[in-house]
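Throughout, a chain's letter reflects where its sequence line sits, starting with A, and its residues are numbered from 1. Because only heavy atoms are used, hydrogens play no part in the values below, and waters and symmetry mates are left out as well, while side chains stay in.
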Number of protein chains: 2
Amino acid sequence: MAGRAPTIADVARVAGVSVPTVSRVLTGAIPVSAKRRELVERAIQELGYQPNAAARALVSGTRSMVAVLAANTSRYGYAKTVEGIEEAARAAGYMVVITVVETAEQDAVRTAVAMVLSHSVAGVIVLDFDEPGHAALTALPQSVPVVVAAAAQSRAIKLPRAFLADQRGAREATAYLLGLGHETVHHIALPSSGRRGGRTAGWSAALQAAGIRPPKHLTTTWNPLDAYELAKSLAADPSVTAVLAGNDEVAAAVLRAMTEQGRSVPGDVSVVGFDDQPIASLVTPALTTVAQDFAELGRQSFTLLERSINGQESQQTVSVPTQLIIRASTGPRRD
Amino acid sequence: MAGRAPTIADVARVAGVSVPTVSRVLTGAIPVSAKRRELVERAIQELGYQPNAAARALVSGTRSMVAVLAANTSRYGYAKTVEGIEEAARAAGYMVVITVVETAEQDAVRTAVAMVLSHSVAGVIVLDFDEPGHAALTALPQSVPVVVAAAAQSRAIKLPRAFLADQRGAREATAYLLGLGHETVHHIALPSSGRRGGRTAGWSAALQAAGIRPPKHLTTTWNPLDAYELAKSLAADPSVTAVLAGNDEVAAAVLRAMTEQGRSVPGDVSVVGFDDQPIASLVTPALTTVAQDFAELGRQSFTLLERSINGQESQQTVSVPTQLIIRASTGPRRD
DNA sequence: CTGAAAGCGCTTACAG
DNA sequence: CTGAAAGCGCTTACAG
């Protein structure tokens, strides 16, 4: 393309000072006379000089990138978390590099981790939302600061962690449904990284607290069509009057399956989603859902990482609350 | 954290060879005897050595990162495009670093561009979906390979470009609606980077080809609630019998506004979305929509970028086709 | 095929 | 406050 980018030596030459002097005005640590400082600044302007991050990282160990390791980057919760990380990182002067870990298989995990490690990042945030994410977590060496962003508390790993209080959210939503007079609440879970996701645990806890034996929960994939098939079996069962879905898409699938089966929502059955995606208020009926602030999860994760990078250990775990948003898909049990 | 990462010098020492020899087995360009190669490989294994990408980039100019500049990373089309880019980049051995350009204001744009430039990336892909993206495009210097991923053809900028054939998709969808007997088609557009987005242009062209004067189109924001407000005004107008929405979320808003107004879909009004997000088949009625393959757009963009990086200029523009998916939200005009 | 030397663009002690 | 020197971890000619 065009000529090579200007270097610090070019700036020094134009400004008529030494290379270290330019470096000093750049880093700002060591004092430089006002006169030379101005000369240097002018030269930088004139040449459109940009410091070379690679050289800088090489010599000073100053890292200006953080990596995020995730199994996916486009699904709502994942994308929003990445967005929050990027926002906080950018505000702090870091760039974010993303690497997806497609599966939990050793090869995929190793390749991803090796890539990240070779790029001398300041730290890495792992989206421990699923098996691949969790596998990546365990494959990371101690040599780099790591924080985990999780969709649930749990896991014994000793690492700073930000998590969504989805267990509590599920408990509250379930209790709310029970309070509406439903005799039990059915649950369709999403695949998760734990033996049992936080939402499923919260749902189960709420039922048990009410003295109700949790019905067997169903587990679906990330493909809403699979959720739809599962939902049809629920729709065929007249004892099902309240459903807690793993996320809003699953909830939409339930809405549709119920409607097709001639069961009205919320007249015959109440449905609660998870996430509060933008579409949640637009489906018919508008979805009651447990709002999760993924962007905040991302921001908090970065804050934790920044602390770790700076050697401040401080608070190890931060929880991001959920909020039950009641709309039109839930109502009292009809006798 | 732990001790410093092993360097090429450590590997050389353990293997009992010189540093350049290690480098040679690493890069693979220059032949090395089988014996030493094996010694080196064993040492690499033993030490868990990872080449330092910064040092490598510094000396050889070998870049292993590509940047994506975008106004947003979490909305469906944006996130899917990034996903496609990441997938293709990873397969080719590149990492992707993302930077969001929040607004088209000079400050935001400059900061983002400077960040990217200082990180010696091999190239950059700009998501020219909106004003900030477009501003970033014009702020990028000639010194780095750039390709544009766009939601529409257009723009005179002389750069390799992959674009979604959304103009054609909108034209087909509009013609389909007209073929159903609707006298005209109304349109709610999303904000776009052009004076007039591809979808709007395609819609307008189809109407004109049929000798129909396009009604004034409405423009909404990315917030589905705004689309919902707009949709209410359309719902109140009995002459509206067919609506082409800017994307599936807008279409969901239209569905809801119509239903609330007592106008049935598709009995009274037909609605077509754009994107075919997973939720499209789950809303009620299932949405007829123009499917757009954003992931493919991302992959194609990367392929173009890779060519540019390797100095092969070849084909400058690639178009990713859309596909009209007919479901239940559209039907013949009822008299 | 292999090693000693030079150098990528920067920052950090070291002497003034 | 400032410049000459050394060195970060690598790769690329240069000589063998």
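Summarising the geometry, the separation between CD1 on B/I8 and P on D/dC8 is reported as 14 Å, rounded to the nearest angstrom. Rounding to whole angstrom units, CZ of residue B/R63 and P of C/dC8 are separated by 14 Å. Here the P atom of nucleotide C/dG9 and the CG atom of B/N52 are 16 Å apart, to the nearest Å. If you measure from atom CG of B/L58 to atom C1' of C/dT11, you get 12 Å, rounded to the nearest angstrom. Summarising the geometry, the separation between NZ on A/K35 and P on D/dG3 is reported as 9 Å, rounded to the nearest angstrom. Note: CG (B/L39) to P (C/dC1) measures 16 Å, nearest angstrom. Across the protein-nucleic acid pair, B/Q50 atom CD and D/dC10 atom C1' stand 15 Å apart, rounded to whole Å. Following rounding to the nearest Å, A/R37 (CZ) and D/dC1 (C1') show an atom-to-atom distance of 11 Å.
Donor-acceptor pairing under 3.5 Å, judged by distance alone, is present between the side chain of B/R24 and the base of C/dG3.
In terms of position along DNA chain C, the nucleotide closest to B/P20 lies nearer the 5' end than the nucleotide closest to the other residue of the pair B/A55 and B/P20. Each of B/S33 and A/Y49 has a nearest nucleotide on DNA chain C; the 5'-most of these lies closest to B/S33.
Of the candidates B/R42, B/K35, B/R36, B/R42 is the only one forming a salt bridge (Lys or Arg N to Asp or Glu O under 4.0 Å) with B/E38.
Among the atoms of the strands shown, only primed sugar atoms or phosphate atoms (P, OP1, OP2) are found under 4.0 Å from some heavy atom of A/T27. In this structure, A/V19 reaches the bases: a heavy-atom distance under 4.0 Å links it to at least one base atom across the strands shown.
Here B/T21 reaches the OP1 or OP2 of C/dG3: one of its side-chain N or O atoms lies under 4.0 Å away. Between A/S23 and C/dT11 there is a side-chain N or O to OP1 or OP2 distance below 4.0 Å. Dashed line: the shortest gap from a side-chain N or O of A/S18 to OP1 or OP2 of D/dG3 is under 4.0 Å.
Contact record, B/G133 with B/V126: O-CG1, 3.3 Å, taken as the closest heavy-atom pair.
For A/L26, the side-chain atoms get nearest to C/dT11 when compared with the rest of C/dT11, D/dT2, D/dG3. The nucleotide whose nearest atom lies closest to any side-chain atom of A/R56 is, among C/dC10, D/dG9, D/dG3, C/dC10.
Counting heavy-atom neighbours within 6.0 Å of B/E102 CD, excluding the residue itself, gives a total of 12 or less.
For the pair B/Y78/B/T73, no side-chain contact is recorded, criterion being any heavy-atom separation below 4.5 Å from C-beta on. A heavy-atom distance below 4.5 Å is found between the side chains of B/M65 and A/M65.
Within the shown strands, D/dT2 is the pairing partner of C/dA15 under the Watson-Crick or G-U definition, both distances less than 3.5 Å.
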